[in-house]
Amino acid sequence: MINIEGMERRISFMTKTIELHLTSDPPLLSVMRAAVSKVCELADFEHMETSKIILAIDEACSNIIKHAYKGKSGQSIIITCKIKPTRLEFILEDEGEPADIEKIKSRPLHEIRPGGLGVYLITSVMDKVKYSFGVDRGNRLYMSKQRPKDKTT
Amino acid sequence: MINIEGMERRISFMTKTIELHLTSDPPLLSVMRAAVSKVCELADFEHMETSKIILAIDEACSNIIKHAYKGKSGQSIIITCKIKPTRLEFILEDEGEPADIEKIKSRPLHEIRPGGLGVYLITSVMDKVKYSFGVDRGNRLYMSKQRPKDKTT
Amino acid sequence: MSLDISVINDQGSAQLRIVGEVDMYSSTQVRRALLELVKQKQSPVIVDLNEVSYMDSSGVATLIEGLQMCGEYGGTLLIVGLRDNVREVFELTRLDKIFKIYQNIEAAMAR
Amino acid sequence: MSLDISVINDQGSAQLRIVGEVDMYSSTQVRRALLELVKQKQSPVIVDLNEVSYMDSSGVATLIEGLQMCGEYGGTLLIVGLRDNVREVFELTRLDKIFKIYQNIEAAMAR
Ligand SMILES: Nc1ncnc2c1ncn2[C@@H]1O[C@H](COP(=O)(O)OP(=O)(O)O)[C@@H](O)[C@H]1O
Ligand SMILES: Nc1ncnc2c1ncn2[C@@H]1O[C@H](COP(=O)(O)OP(=O)(O)O)[C@@H](O)[C@H]1O
């Protein structure tokens, strides 16, 4: 039996990267949620924070399927998770239609109607959210969230 | 609100591909297990069969970390899951040391000692298992499992 | 991966019990079930989310749609059994103020 | 992601209660706890897997090592509380015949 004690290092001290390549098929989002849940656990988030992060990534993926790919299935979505010493980062990449950045906004909360809440949820949950839309390079959404402080020492 | 009814198709009728890129860090295997669990659910496997498939993929990943990468962390492991109409396929790829295919075998079951059971578990659980080791191309492990029949109609 | 949805009709009122994760994929199932109850002009429509372990904005959107459609015939839509993480989605979007939310079916019936 | 391991010492015998998933990463923790009990020559060592939701061959290897080390000083190692999927790993590898496996702590104590 090989001794793996030497491999054990605190996950906090170096960046760990996990990539998930999905296609724009709504049933696959359940796989993303399960994976992101474990990534959040590894980054020391507790249950409720983990739920909110899953929600944010799910909303972002749903928007890619609905808006960038206009509901077309089988198109590429790449989700990169980086567990860094002090923060958890997510980068979502797609090859769908680039959007007008001005249009990326939710409805005002007081205007009660179905829809129009995803971007609001994403920005409420994450610390930093940055969209970049490129004609040649594809679209990119960067999100980051500070890791719980007491655990990152 | 965009109507996604048109996107809903039985997952059984077309191949869905999900790729997970990990590094050779044992804590990350928990992310793989969560993702594979949901993939198995999407492929209609029930609870106990799902547990066994998770076990097989976990043993295969552990072997890559222990044997191909000799415990070195940060090295690439790519897990591709293909949900095909009649079977679920997994392809594991690594850039570690190629092995002598003759050496890929577990201890005889009656020889009770720690270790030496992973390959046995992989081959017991999966229908097809095929290793290929390449000096330039990296190593590749193909595994497949028939999907439950009553659900693939 | 799909939801389990069951409906109990009881003298004009209806309970819609949802089990599973409500996301952009599965919320279409909830929508279909709600449309059916609205067509029958049920009231109150009690949506039981006790066994819903996850809900995103498409689930919330579906419930808003249900609430508005009920309102059109003077009916009411009540929500019961929110788990902490699902309640959080309602709170983040301030919809906890718009929906009538009860602890459980009994509390909703006795309102 | 790491395991919760607790030890109850009781007049020579010891209960090792493991909570979580035992894989190549976390089995080193189990190994360390077992080595400690073996050093103290405890017997029986009762390994409680009731709250173990997953175990792979590295977990099994660790238990075989523990069993063999106990044997060296004439002690015994008992396993209790196997969940269905964990039991399956023991059955697939025929180790259900090698280990003494009991339903629960009481049954192991009363053996
Ligand atoms: N990934 C994206 N690509 C293109 N447009 C987007 C994307 N995400 C959001 N949008 C735009 O932002 C608007 C608000 O999104 P959101 O708050 O999620 O509500 P909804 O998707 O229900 O309209 C969308 O209607 C759309 O125009
Ligand atoms: N991915 C791999 N790369 C190189 N060698 C491997 C790989 N998987 C298995 N092996 C070889 O097969 C043997 C049996 O593997 P296994 O049954 O998992 O037991 P163990 O890993 O405990 O030795 C290993 O000892 C190793 O020599």
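The sequence lines fix the lettering, A, B, ..., with proteins before strands; numbering per chain opens at 1. Because only heavy atoms are used, hydrogens play no part in the values below, and waters and symmetry mates are left out as well, while side chains stay in.
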#### Entry: Heavy-atom proximity to chain B below 4.5 Å, by part of Ile98(D)
side chain
### Task
Take atom CG of Asp84(D) as the centre, draw a 6.0 Å sphere, and report whether it contains more than 12 heavy atoms from other residues, nucleotides or ligands.
no
### Message
Quick one, Asp58(B) with Tyr54(D), criterion side chain to side chain donor-acceptor pair (under 3.5 Å). Give me CA distance, side-chain angles, the key distance, then yes/no.
### Response
CA-CA 11 Å; Asp58(B) 177 294; Tyr54(D) 177 78; 3.3 Å; yes
### Query
Could you give the distance from CD (Glu49(B)) to CG (Asn85(D)), rounded to the nearest 0.5 Å?
12.0 Å
### Message
Sub-4.5 Å heavy-atom contacts with chain D: which residues of residues 116-128 of chain B show up?
### Response
Leu117(B), Gly118(B), Tyr120(B), Leu121(B), Ser124(B), Val125(B)
### Query
Which distance, rounded to the nearest 0.5 Å, do you find between the CE of Met24(D) and the CG of Leu29(B)?
7.0 Å
#### Entry: Lys/Arg-Asp/Glu bridge criterion (N-O < 4.0 Å) met for Arg33(B), Glu21(D)
yes
### Query
Hey, mind stepping through Asp56(D) and Ser62(B) against side-chain contact (heavy atoms from CB on, under 4.5 Å) and telling me if it holds?
CA-CA 10 Å; Asp56(D) 72 2; Ser62(B) 297; 4.1 Å; yes
### Summary
Applying a strict 4.5 Å limit to non-hydrogen atoms, the region of Val86(D) in contact with chain B is neither
### Message
Any side-chain to backbone donor/acceptor pair from Glu59(B) onto Ser57(D)? Under 3.5 Å, distance only.
### Response
yes
### Message
Please classify the contact between Leu95(D) and chain B as side chain, backbone, both or neither, with a heavy-atom cut-off of under 4.5 Å.
### Response
side chain
### Task
Flag yes if more than 12 heavy atoms outside Gln103(D) fall under 6.0 Å of its CD atom; otherwise flag no.
no
## Note on the structure
For Pro114(B) and Ala61(D), the nearest pair of non-hydrogen atoms, with its separation, is CB-O, 3.5 Å
### Task
Please assess Leu92(D) against Lys52(B) for the test side-chain contact (heavy atoms from CB on, under 4.5 Å), listing each intermediate value before the final yes or no.
CA-CA 10 Å; Leu92(D) 282 170; Lys52(B) 290 202 266 181; 4.2 Å; yes
